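Shown next, in structure tokens, is the structure this report addresses.
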Amino acid sequence: MRLRDGPNLPEGASFTTIELKANFVGTVGEGSSIIGRARPVHRGRTTQVWDVEVANEANGKTIALFRCTQMVLLPA
């Protein structure tokens, strides 16, 4: 599994999920690999909204769509 953090949060900040909507539109078999691609829709100082597409890595077929709304937790 590859995960990337980085420039989407200020130094020392973290986040929590405000809302998550998921639509599952397909499946993969046991032993198959999946890949996710996230695209920022809104990157504000205190909130962020992301669209995420999850696909079967072998054939690129979409299996899930997500919209995530995050609250940025700035360091004290």
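Quick note: residue numbers are just sequence positions, from 1. Bear in mind that the values here come from a model prediction, so they are computed numbers and not experimental data.
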Heavy atoms, side chains only, cut-off 4.5 Å: are V72 and L9 in contact? yes
Measuring only between side-chain heavy atoms, which start at C-beta, is I63 closer than 4.5 Å to T27? no
List the residues meeting side-chain hydrogen bond (donor to acceptor under 3.5 Å, both in side chains) with R39, not counting sequence neighbours, and say none if there are none. D51
Minimum side-chain heavy-atom gap N56-I34 below 4.5 Å: no
Is there a donor-acceptor contact under 3.5 Å from the side chain of S32 to the main chain of G29? yes
Considering only distance and modelled atom types, tabulate donor-acceptor pairs under 3.5 Å from the side chains of residues 13-25, sequence neighbours left out.
residue	atom	partner	partner atom	Å
T17	OG1	Q70	OE1	3.0
K21	NZ	N23	OD1	2.9

A side-chain contact here means heavy atoms from C-beta on lying under 4.5 Å apart; do V54 and R37 qualify? no
With a 4.5 Å cut-off on side-chain heavy atoms, are T46 and M71 touching? no
To which residues is V49 joined in a hydrophobic cluster, defined by side-chain heavy-atom contacts under 4.5 Å among Ile, Leu, Val, Met, Phe, Trp and Tyr, whether direct or through other members? V41
Rounded distance (nearest 0.5 Å) linking atom NE2 of H42 with atom CH2 of W50: 11.5 Å
